[in-house]
Chemist: 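Provided herewith is a single structure, encoded as C-alpha cells, for subsequent inquiry.
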There are 2 protein chains.
Amino acid sequence: MSNNKLPTIKEIAKRLNVSASTVSRALHDHPSIGLVTTMRVRKVAQELGYEANKTAIFFKERKTYTIGVIIPDLSEPFFSAALTGVEDAAEASNYNVIIGQSLNSFEREKKIVENMKDHRVDGMLVSLTKETSTYEHFDNLKRYNIPVVFFDRVPSRKDINYVACNLVSGMLQAITKLVAMGHKRIGLINGPAKLAATLQRLEIYIKCLKENDLPVDQDMIVSTTLAKADNLKAINKLLSLEQPPTAAIVFNDYVLLDCISAVKTTGLVVNKDISFISFANLPIWEYMDSAPLASIEQFAYKQSSMAAEFLFKLIKNAADPDSTNMPLLQHIIDSEMVEYSMPKQIL
Amino acid sequence: MSNNKLPTIKEIAKRLNVSASTVSRALHDHPSIGLVTTMRVRKVAQELGYEANKTAIFFKERKTYTIGVIIPDLSEPFFSAALTGVEDAAEASNYNVIIGQSLNSFEREKKIVENMKDHRVDGMLVSLTKETSTYEHFDNLKRYNIPVVFFDRVPSRKDINYVACNLVSGMLQAITKLVAMGHKRIGLINGPAKLAATLQRLEIYIKCLKENDLPVDQDMIVSTTLAKADNLKAINKLLSLEQPPTAAIVFNDYVLLDCISAVKTTGLVVNKDISFISFANLPIWEYMDSAPLASIEQFAYKQSSMAAEFLFKLIKNAADPDSTNMPLLQHIIDSEMVEYSMPKQIL
DNA sequence: TTGTAAGCGTTATCAC
DNA sequence: GTGATAACGCTTACAA
C-alpha cells in the first residue's frame, strides 16, 4: 500500500518556499508568473507526480461533471442501447454517467432520484417507470438546479424537456404495407389497460386502420397483462375467431415471442397463416425463423443521445452567468418500420 | 429558476446567532448540545428545507461513495446482466455506479480508467478488453488507493483480486452429454488465435474429449475471426468434411447464430443432422427454433455481484485505520451446462 | 453547553 | 511577480 499521501499544491509550495497560489498559477501558465518560477514548479510537480485533485476543484466549482441516467431495465436491449447513447454523448462532453435501474418500480425511481440528488449530479436523464404518474420527485430537483430531460417514456406534461418517439409514422408504414400485401383483417394484441402506452397503441392502430379504409373490428383487439400465460391466451383468442386475422400488431417483442410459440403449437405457420408486426425490436430477429414481418423502430440510441445533448445544453446555460431563460427543449423522433430480410418460412 | 442558494449550516447559524459547529452538532443529535438549542436548530433547518450537502462531506472524507465499472460492451446481454449485478450490490452498500464501455479498445479502457481516477471513484470493477495485455494503467491506481477487482475477463496475473468463471465444468457436462446421446464426432468452432479465450477453449475441448475417451481430430477444429463471413466459412468447412461432425462446440452465441443460418441454407436440420453447444448464452434461445442443445452458463450476475462484494470489502478495509493487510480476494465460479427445453426440430 | 479554528485541495481577489 | 487570505460546506479537536 502506497499510503504516502498524494502530493498537493501545498506540498510543492513548501518544497520551493513559495506560496500555494504561486504554484497554482505556475501550473496554469499564468502570465504573471516568472519563467524561472514556473519551470521550478513544473519540475517539482513532475518529480512528485503531482496531479490536481479534481474532486477539490469540482467541489469548489459546485459541479460534479456527472449526470445520472434512470432507466427501467437494462436487460431490455432498448435501454442498454439507450444507455450507450448517453455514454457516447457524455464522453464527448467530458461527463461521467451514473446509472440507476428503476425496474419499473415507482418507489425505486424516487429513491434513485434522491440518491442522485445527494450526489449532486449536474443533470438527469430519465425514462419513466410504467408506474410513474406523479412527478414531484422531479420537480424537487429545480431547487438544486438539476435539470432533467426525459426520453422515450416521458411524463404526460407539457412543461418538461424531453425527447420521445412518435409511433404513428412507423405504424402507418406497417399497416400500409400489410394492406398492400393483401391483408384485410389486422388484429391488435395490446398491453394492460393501465399503461399509457396501451391506450396510445390502440389509438394509433385505429387511426392507421382508418387511413387505410379498413373497418375496426372489436373482436380483433385483444389485450394481455404481459405475463406469458396471458400472452398465449391473447393470441389464441385471435386464432380461434371464426375469421381470424391474417396479421397482427403486437404490443412488444416479448409478447410477440410468446405469440410465435403459440402459433407454432397450433400447427399454423408464421408469415404464412399469420404475419406479425411489433413495437420495439430485438436485435436478434433477423436470425430467427419466424421473425415478424417488421418492427417499429423507436431509435433508442438516437433518443437518448439527443436527450443527453439537450441536457448538456441546459447545464451549460445554467452555468452561464448571463444566461437568458432557456426555452423548453423538446423533440419528437418519427418511428420507422424496419423490415426483416425475407422471413424464412416464406422462402 | 429558484436561484436562491441552498441553505447551508452557516445560514442556519446566522439566523440563530449560534456557531456553525453548534448547528452541525445539533443536527447530529450530539449529546453535548442542549435540548432547547437542538430544537431551535431543527426547527429552522426544517423551515429552510435544509439538507446537508453530501458533496462537501464526501470531499472532507476524501470519499465519493461511487465505484466505476468498466465493461467491454453493454449490448452483450452478458455484460448488461453483469452491470445489474454490480448495481444491486452497490445499492445494498449505498454506493453509486459510474459506467464505462471500453468497446474492446485498449485505448478507451485506459482513458476510462484515467477519467474514473480523476473522479476519485472509491474502487473499480473491470472486465478487460480483448486487446488488453498490459496492466500499468491499473497498477497506477494503487497510488490513489483505488482498489480494483476484475471479473470474467481477468488479467493473466496472480497478484490481483478477481472473480472468474471456470469453463471446464460446464464443457465437461456438455461433452459428456453429447457422448451419452451417441455423438462420437464432436467439432470445435473456435475464435481467433490471438484471443486468450481461444486457446483456453481449445485446451478445454481437448481435455474434455480425452476424459470421454474420444480422439482429437484436427480436421474438426476450425476457427473464425468472428466476422460473419468467416463464421459461415468455418461451419461450412466442418459440414463439407467427408465425415462431418454430428455435434460442435461453438466459440460463442454470436458465431452460433451464423452457423445456424448456414446449416439451414444447406438444407440440413439443426439438432438432427448437427447439434450445437455454445459458450455464453443469449436470453432468447429458448424461443428459437434451432436453439443449441445447451449453453455453457457463465453467471454474469453472480460473477459481477461477487466482484462488487469483494470491492466493498477492500474499500472498507482500506478505510479502517487499523486494517491489517488484506489478502488477495479471488474466486472462481464453476460454469454449468444449461439445456434448452426440447429443441423444436426434434419434436 | 457552546464557540473557535483548522482542515479537506484548489482558485480568485486583493494587496504588496 | 508573488504572497496572504478567503471561500466552497462541513466536521471535529480543542478551548472556554
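Throughout, protein chains are lettered first and strands after them, A, B, ... in sequence-line order, and every chain is numbered starting at 1.
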Chemist: Could you pull out all residues at least two apart from B:Thr84 that satisfy side-chain contact (heavy atoms from CB on, under 4.5 Å)?
Modeler: A:Leu74, A:Gln101, B:Asp88, B:Tyr301

Chemist: Counting neighbours of NZ on A:Lys111 that are heavy atoms of other residues, nucleotides or ligands and sit closer than 6.0 Å, is the number greater than 12?
Modeler: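 Atom NZ in A:Lys111 is not packed in, count stays at 12 or less.
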
Chemist: Holding to salt bridge (charged side-chain N to carboxylate O under 4.0 Å, His left out), I want the full list of residues that pass it with B:Lys60, two or more places apart in sequence or in another chain.
Modeler: none

Chemist: Before giving the answer on side-chain contact (heavy atoms from CB on, under 4.5 Å), spell out for B:Val44 and B:Arg40 the whole-Å C-alpha distance, their side-chain angles and the decisive distance to 0.1 Å.
Modeler: CA-CA 6 Å; B:Val44 176; B:Arg40 295 200 322 138; 5.7 Å; no

Chemist: So is A:Lys54 actually on top of A:Phe58's ring, under 6.0 Å and inside 45° of the axis?
Modeler: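 That pair does not qualify as a cation-pi contact.
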
Chemist: Distance only, no hydrogens: is a donor on one side chain within 3.5 Å (strictly under) of an acceptor on the other, for A:Glu109 and A:Thr132?
Modeler: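 The answer is yes; a qualifying pair exists.
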
Chemist: Apply salt bridge (charged side-chain N to carboxylate O under 4.0 Å, His left out) to B:Lys10 and list each qualifying residue two or more places apart in sequence or on a separate chain.
Modeler: none

Chemist: Quick test of your reading: applying ring-ring contact (aromatic ring centres under 6.0 Å, His included), list the pairs with at least one residue in residues 309-328 of chain B, sequence neighbours left out, ordered by first then second residue.
Modeler: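 Counting only pairs at least two positions apart or across chains, the ring-ring contact (aromatic ring centres under 6.0 Å, His included) contacts touching residues 309-328 of chain B are B:Tyr95-B:Phe312.
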
Chemist: Sequence neighbours left out, what passes salt bridge (charged side-chain N to carboxylate O under 4.0 Å, His left out) with B:Asp139? Give chain and number order.
Modeler: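 Expected list: B:Lys142, B:Arg157.
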
Chemist: Can you give the first and last nucleotides of DNA chain D, 5' to 3', that have an atom under 4.0 Å from a heavy atom of chain A?
Modeler: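 So the contact region on DNA chain D extends D:dG1 to D:dG9.
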
Chemist: Below 4.0 angstrom, which residues in residues 32-44 of chain B have at least one non-hydrogen atom near DNA chain C?
Modeler: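 Going residue by residue through residues 32-44 of chain B, the ones with a heavy atom under 4.0 Å of DNA chain C turn out to be B:Ser32, B:Ile33, B:Gly34, B:Thr37.
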
Chemist: Below 3.5 Å between N/O atoms, which protein atoms pair up with nucleotides 9-11 of chain C? Just atom names and distances, please.
Modeler:
| residue | atom | partner | partner atom | Å |
| --- | --- | --- | --- | --- |
| C:dG9 | OP1 | B:Arg62 | NE | 3.3 |
| C:dT10 | OP1 | A:Tyr50 | OH | 2.6 |
| C:dT10 | OP1 | A:Asn53 | N | 2.8 |
| C:dT10 | OP2 | A:Ile9 | N | 2.8 |
| C:dT11 | OP1 | A:His28 | NE2 | 3.1 |
| C:dT11 | OP2 | A:Ser24 | OG | 2.8 |
| C:dT11 | O2 | A:Lys60 | NZ | 3.3 |

Chemist: Quick one: side-chain contact (heavy atoms from CB on, under 4.5 Å) partners of A:Pro72, sequence neighbours excluded?
Modeler: A:Phe79, A:Ser102, A:Asn104, A:Ser127, A:Arg153

Chemist: What residues form a salt bridge (charged side-chain N to carboxylate O under 4.0 Å, His left out) with B:Glu114, not counting sequence neighbours?
Modeler: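 So B:Glu114 forms a salt bridge (charged side-chain N to carboxylate O under 4.0 Å, His left out) with B:Lys117.
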
Chemist: Return the set of residues passing side-chain contact (heavy atoms from CB on, under 4.5 Å) with A:Phe59 (not counting sequence neighbours), or none when no residue passes.
Modeler: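 Here the qualifying residues are B:Thr55, B:Ala56, B:Phe59.
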
Chemist: Pick the nucleotide of DNA chain C nearest each of B:Ser19 and B:Glu61; which residue has the one closer to the 5' end?
Modeler: B:Ser19

Chemist: In degrees rounded to 10°, what angle is found between the helical axes fit to the five outermost pairs at each end of the helix from C:dT1-D:dA16 to C:dC16-D:dG1?
Modeler: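 That helix gives 60° between its end axes.
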
